[in-house]
Amino acid sequence: MDKLKKVLSGQDTEDRGGLAEVTDTSSLSWDTRIKGFAACFVTGILCSLLGTFLLWVPRKGLYLFAVFYTFGNIASIGSTVFLMGPMKQLKRMFEPTRLVATIMVLLCFALTLCSAFWWHNKGLALVFCVLQSLALTWYSLSFIPFARDAVKKCFAACLT
C-alpha cells in the first residue's frame, strides 16, 4: 500500500533535492488526498446527473445539461489532481501517448460551453457533449495498458 501511495503522490525513491523536500512537507496527507479525490469525483458525478435531469426543462434544458455535464466532467478529471498532485497530473496529461486525447477532451469542453453560452445552439451543444464523452473515454483508456489497442481490435473485428 505504501508503494501505491508513493507512486500516486509522485514521490520517487531517488534523491530529488531540497526544493522537492520543501514541496513534500507542504503537501496534503494521504487521507486528505483520498477525501479530496472522493469529494471532487462525487461532485462531478452529481453535476453530470443534475445536468441529465435538467435536460427536460423547457427552453433552457439543453443549455443547462451542457453546462452541468461539462462541469461534472471537469470536476471528475480534476479529482485525480488530489491523488497525483497538479504538476504530475499535467505532465501525464501531456505525455506523447495521450496528447491528442487530452487536446480533444479540452477542446470538447470548450466547444460545449461555447455552443451553450455564446452560440446558443442546442444541437451543437448536444453534439459536443457526445464528442466530449467519447474523447473522455479515449483519454481514460490511455491510462490502462493496451486498452486502446484492445478497443481498436474490437472495432476492427466488428467492422469486418
Side-chain angles (χ1 to χ4, degrees), residues 7-10 19 23 26-159:
V7 169
L8 288 176
S9 65
L19 183 60
T23 304
S26 64
S27 65
L28 301 173
S29 71
W30 181 251
D31 291 338
T32 305
R33 287 176 183 251
I34 293 295
K35 289 174 187 174
F37 166 77
C40 201
F41 191 74
V42 168
T43 301
I45 290 173
L46 290 176
C47 280
S48 295
L49 285 174
L50 180 62
T52 303
F53 293 135
L54 292 173
L55 184 59
W56 289 278
V57 171
R59 295 185 198 172
K60 298 287 184 183
L62 192 58
Y63 298 126
L64 293 171
F65 166 71
V67 170
F68 277 98
Y69 186 76
T70 301
F71 285 143
N73 283 335
I74 290 170
S76 295
I77 286 181
S79 66
T80 58
V81 170
F82 285 100
L83 295 178
M84 290 188 238
M87 291 311 295
K88 186 170 184 182
Q89 173 71 16
L90 286 173
K91 286 179 186 175
R92 293 198 66 194
M93 283 177 72
F94 292 101
E95 287 177 348
T97 56
R98 63 183 62 91
L99 180 64
V100 173
T102 299
I103 291 170
M104 290 303 297
V105 167
L106 297 175
L107 186 64
C108 286
F109 286 165
L111 291 174
T112 302
L113 294 175
C114 285
S115 64
F117 285 125
W118 289 285
W119 302 329
H120 303 289
N121 190 329
K122 294 179 181 181
L124 200 56
L126 189 60
V127 166
F128 285 132
C129 281
V130 170
L131 289 175
Q132 188 181 124
S133 296
L134 293 173
L136 196 55
T137 301
W138 193 251
Y139 170 79
S140 299
L141 287 174
S142 72
F143 286 96
I144 303 170
F146 305 109
R148 286 181 175 178
D149 293 334
V151 170
K152 286 178 188 177
K153 288 179 183 177
C154 181
F155 275 108
C158 290
L159 293 176

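No experiment lies behind these values; they were computed from the predicted model shown.
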**Prompt:** Once you round to the nearest 0.5 Å, how far does CG of Leu107 lie from CG of Leu131?
**Reply:** 9.5 Å
**Prompt:** In Å and rounded to the nearest 0.5 Å, what is the OG1 to CG distance from Thr70 to Leu113?
**Reply:** 4.5 Å
**Prompt:** Which heavy atom of Gly44 sits nearest a heavy atom of Ala75, and at what distance?
**Reply:** CA-CB, 3.7 Å
**Side-chain donor/acceptor of Tyr139 to backbone N/O of Arg98, under 3.5 Å** = no
**Prompt:** Rounded to the nearest 0.5 Å, how far apart are CZ of Phe65 and CH2 of Trp56?
**Reply:** 8.5 Å
**Asked** Looking only at heavy atoms, which two atoms of Leu83 and Arg33 are closest? And how far apart?
**Response** O-NH1, 3.3 Å
**Item:** Pairwise distance CD1(Ile74) to CG(Leu106) - rounded to 0.5 angstrom
**Value:** 8.5 Å
**Request:** Applying side-chain contact (heavy atoms from CB on, under 4.5 Å), run through Tyr63 and His120 and close with a yes or a no.
**Result:** CA-CA 8 Å; Tyr63 298 126; His120 303 289; 3.6 Å; yes
**Request:** Evaluate the side-chain proximity of Trp138 to Leu134: yes if any heavy-atom separation is below 4.5 Å, no if none is.
**Result:** no
**Asked** Can you name the closest pair of heavy atoms from Leu124 and Ser115 and give their distance?
**Response** C-OG, 4.0 Å
**Prompt:** Crowded around Phe53 CZ? As in, over 12 foreign heavy atoms under 6.0 Å?
**Reply:** no
**Asked** Which pair of non-hydrogen atoms, one from Ile77 and one from Val105, has the smallest distance, and what is that distance?
**Response** CD1-CG1, 3.9 Å
**Message:** Looking at Phe37, I want to see if its CZ is surrounded by more than 12 non-hydrogen atoms of other residues, nucleotides or ligands under 6.0 Å.
**Reply:** yes
**Request:** Test Met84 against Met93 for side-chain contact (heavy atoms from CB on, under 4.5 Å), laying out the working first.
**Result:** CA-CA 11 Å; Met84 290 188 238; Met93 283 177 72; over 6 Å; no
**Message:** To check you understand the geometry: which heavy-atom pair defines the closest contact between Gln89 and Val81, and what is its length?
**Reply:** CG-CG2, 3.8 Å
**Request:** Could you tell me whether the side chain of Thr102 and the main chain of Phe94 form a donor-acceptor pair under 3.5 Å?
**Result:** no
**Prompt:** Hey, what do you get for CZ (Phe68) to CG (Leu46), rounding to the nearest 0.5 Å?
**Reply:** 11.5 Å
**Request:** Supply the atom-to-atom distance Cys129 SG to Phe109 CZ, rounded to the nearest 0.5 angstrom.
**Result:** 10.0 Å
**Message:** With a 3.5 Å distance limit and no angle check, can you tell me whether Lys60 reaches the backbone of Leu54 through a side-chain donor-acceptor pair?
**Reply:** no
**Prompt:** Going by the angle between their ring planes, with limits at 30° and 60°, are Trp119 and Phe128 parallel, tilted or perpendicular?
**Reply:** tilted
